[in-house]
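Input: a single structure, listed below in structure tokens.
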Amino acid sequence: MPGSQPRPVGAAEALYLELLSRGAPVEEYEQPLQRARADGAGPEELAALESGKLLALRVRTELEGRRRREAELSALFETAHDLAGLRDLDAVLQAIVQRARSLLGTECAYMTLNDPEAGDTYMRVTDGSVSARFQQLRLGMGEGLGGLVAQTARPYVTDSYFDDPRFEHTRTIDSGVRDEGLVAILGVPLMTGSSVIGVLFAADRRARVFERQQIALLASFAAHAAVAIDSANLLSETRSALAELETAHGIIRDRSAVIERASEVHDRLTELVLRGGGVRDVADAVAEVLSGAVEFTEAGTSTDPVVERSRAAGRAVRHGDDWVAAVSAGGELFGALVLHGHPELDPVDQRTLERAAMVTSLLLIARRSAGEAEQRVRGELLDDLLDAPDRDPSLLRERAARLTADLDAPHVVLAARVESDGETNGRTNGGTAGGAGGGAAARQTADRQRLWSAASHLAATRHGLAAARDGGTVLLLPAGPEESAAETARQTAKQLGTAVRGTVTVGASAPVPAPVAHPGAVATAYAEARRCLEALLLLGRAGQGATAEDFGFLGLLLADSWDVASFVRRTIGPVTDYDARRGTELVRTMEAYFACGMSPARTKDELHVHVNTVAQRLERVGRLLGAGWHSPSGALEVQLALRLHRLAGAIDG
């Protein structure tokens with residue numbers, strides 16, 4: 001234009017340097033040229049701007065490539081670092097799949113491994129997947145895109161999975177891929193030596209083209225994953241070999257010294273019995289003579305099958321580097337004497353340990369006889385709490401203090417019942433007559449007596465109360481600060497079952513804050529515990545322990561009060577809280593997801609959103625509720641909680 005002043009050539013370079021420095025998008029590089037044309041710039045200035053633009057775009061491309069390569073190298077370095085400190089194979093493989101998904105910018109990444117025993121391939125790790133069916137896929141050898149990759153040991157990519165005829169399509173695989181909504185898939189082989197052990201995949205829910213660099217990057221991650229799997233297998237084999245070597249060491253013992261030790265321990269045990277020694281005295285005497293550590297473990301904690309094996313054989317048995325001798329009498333298991341640190345025990349020393357176990361059982365029987373009076377007193381106090389709620393709290397408190405029971409502290413009420421042969425036959429045959437029925441009744445009475453005896457012993461050690469009641473036993477045990485009522489029920493069922501050598505089922509109530517201050521609450525809690533016990537038996541869960549909360553929505557019926565709000569909060573509380581804080585629609589998405597048969601593809605039509613939005617929301621739900629929220633059992637709980645939540649909202653509204 002006549003009269004216009006040309007811009008300095010250096011100004012063009014400055015403009016593009018400024019765009020490069022702030023990482024401007026490609027579209028902005030055209031704007032200086034457009035403004036110059038609008039201002040009537042001359043050919044020389046336009047040429048300088050055009051040259052500067054092209055140079056700046058080349059620099060920008062180079063910088064982006066360097067940043068991408070830097071990120072890739074950093075991820076590969078982190079993966080190599082994970083392998084160097086390999087402790088948890090699952091964590092390493094999960095990190096590899098997550099990094100591959102992040103760097104390739106795909107919506108989903110996953111890994112399949114071959115199962116030689118089953119003759120198929122299974123899904124090992126997924127990231128970004130929201131379909132339960134897809135995550136549980138098992139594929140036949142040679143099927144699908146993964147089968148093509150495994151057969152050729154080469155990477156393969158498909159821009160449109162369902163339109164690609166190069167590999168074998170099956171209904172199972174296609175249904176899983178369609179349910180996940182995947183379109184473009186890249187697969188590379190996992191190889192150890194010349195063998196393909198699995199396939200690493202990156203996939204999108206839209207059509208896309210994977211570049212050569214991206215294929216090479218995924219192959220690098222696959223190589224690291226194969227090394228991790230191979231290293232873990234070698235580590236497992238090495239550990240197994242070391243364990244076998246540790247048990248191979250033998251100790252040579254002098255026969256005369258062994259006989260001398262046996263004589264010494266016999267004299268010491270005889271002396272202990274005569275002077276009324278205790279269990280700890282017996283363990284100390286055996287430990288000193290056998291030069292090892294000896295401990296007595298009570299039946300409640302000795303649940304290892306090795307104890308049952310020792311009781312059945314009537315001999316001490318080896319368990320690793322230890323020897324275990326069951327302490328039992330009259331069909332009742334008291335516990336076990338465990339000798340640590342003697343992988344090879346001389347037969348004479350083995351009999352010494354067995355003799356010590358017999359002496360221990362005699363001492364325990366004597367101690368139990370002395371404690372039966374105290375057990376009866378404890379049972380009478382508990383009976384008064386259950387049957388006479390109007391008793392004077394001060395008198396109850398005084399009686400409890402004499403038994404070292406603090407009834408001002410929170411307690412749990414437990415109802416226990418032993419499963420005997422008589423009860424089983426009665427339920428199966430509707431009862432029998434004559435001698436057979438009398439024998440079953442006698443066995444049932446004996447089982448209940450052993451249960452009451454074991455429960456009384458447990459209550460005494462826990463500073464609680466126990467009484468025989470309603471064909472079983474009721475216990476009132478302190479509620480520990482670090483142990484829930486449900487855990488107390490499970491531990492009690494295990495301990496009593498081991499002690500009586502039978503199947504003991506235990507139902508527990510919610511904690512009673514202060515039984516002595518509110519005696520009537522004990523009877524209410526006992527009724528709740530019995531409902532839980534009956535529910536366990538009806539559901540075929542004999543031998544377990546549980547509270548109302550362990551039954552999910554059924555717990556609403558078993559508990560003394562129907563706490564619907566607590567059930568909803570326990571089940572989907574993290575999701576409702578997240579919606580409230582962020583203004584999101586995770587609850588609505590979950591409702592639509594279940595209504596659409598748990599298919600993300602159909603859910604997106606119901607919500608009128610993209611399938612990626614559904615996937616992202618469901619992935620967020622999984623992080624809030626845990627991986628099992630859409631499993632068959634979890635889905636039932638979640639769907640009921642969603643309906644109760646909506647009903648509560650309608651009522652409040």
Side-chain angles (χ1 to χ4, degrees), residues 299-301 303 382 409-419 451 454-455 458-459 461-466 469-470 472-500 502-515 521-574 625-629 631 633-634 636-638 640-641 644:
T301 56
T303 57
L382 182 52
H411 279 64
V412 176
V413 179
L414 304 104
R417 186 180 302 170
V418 62
E419 184 77 5
L451 175 62
L458 176 62
T461 58
R462 292 282 301 270
H463 302 289
L465 306 175
R469 200 174 188 89
D470 299 321
T473 301
V474 56
L475 298 94
L476 183 66
L477 299 180
E482 298 180 357
E483 185 178 76
S484 66
E487 183 62 25
T488 299
R490 286 189 287 271
Q491 289 297 325
T492 302
K494 183 184 301 184
Q495 293 170 357
L496 295 180
T498 302
V500 304
T503 302
V504 177
T505 310
V506 177
S509 70
V512 179
V522 178
T524 303
Y526 174 55
E528 179 180 332
R530 287 193 63 194
R531 289 194 293 271
C532 293
L533 169 63
E534 296 296 339
L536 284 171
L537 296 175
L538 288 173
L539 293 174
R541 293 170 56 183
Q544 299 183 22
T547 62
E549 289 186 357
D550 292 322
F551 294 94
F553 67 91
L554 290 177
L556 299 176
L557 305 176
L558 299 174
D560 184 55
S561 59
W562 291 13
D563 193 354
V564 174
S566 294
F567 168 73
V568 173
R569 174 157 293 277
R570 284 197 309 272
T571 309
I572 62 171
L625 298 184
W629 72 274
S631 65
S633 59
L636 177 62
E637 299 280 339
V638 170
L640 178 60
L644 292 174

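Since the structure is predicted, the reported quantities are computational estimates derived from the model, not experimental observations. Numbering starts at 1 and runs along the sequence shown.
With sequence neighbours excluded, the residues forming a salt bridge (charged side-chain N to carboxylate O under 4.0 Å, His left out) with R469 are D383, D387, listed by chain and number. For P574, the side chain to side chain contact (heavy atoms under 4.5 Å, CB included) partners at least two apart in sequence or on another chain are L624, L625. Under the salt bridge (charged side-chain N to carboxylate O under 4.0 Å, His left out) criterion, R462 pairs with E483, sequence neighbours left out. Evaluation of the side chain to side chain contact (heavy atoms under 4.5 Å, CB included) rule for A525 yields V413, S509, V512 as partners, not counting sequence neighbours. Residues meeting the side chain to side chain contact (heavy atoms under 4.5 Å, CB included) test with A485, sequence neighbours left out: V412, P511, T547.
From L496, atom CG reaches atom CG of L475 across 6.5 Å, with rounding to the nearest 0.5 Å. Considering CG of L414 and CD of Q491, their distance stands at 12.0 Å, rounded to 0.5 Å. With rounding to the nearest 0.5 Å, the separation of CG in L476 from NE2 in H463 is 14.0 Å. Remark: L458 CG to Q495 CD distance equals 5.0 Å, nearest 0.5 Å.
Between V638 and W629, the closest heavy-atom pair is CG2-O, 3.9 Å. The two residues L533 and T505 make their nearest non-hydrogen contact at CD1-O, 3.4 Å. Of all non-hydrogen atoms in V522 and P515, the two that sit nearest each other are CG2-CB, 3.7 Å. Considering every non-hydrogen atom in both V506 and A489, the closest pair reads CB-O, 3.9 Å.
The side-chain heavy atoms of R417 and L537, taken from C-beta on, include a pair separated by under 4.5 Å.
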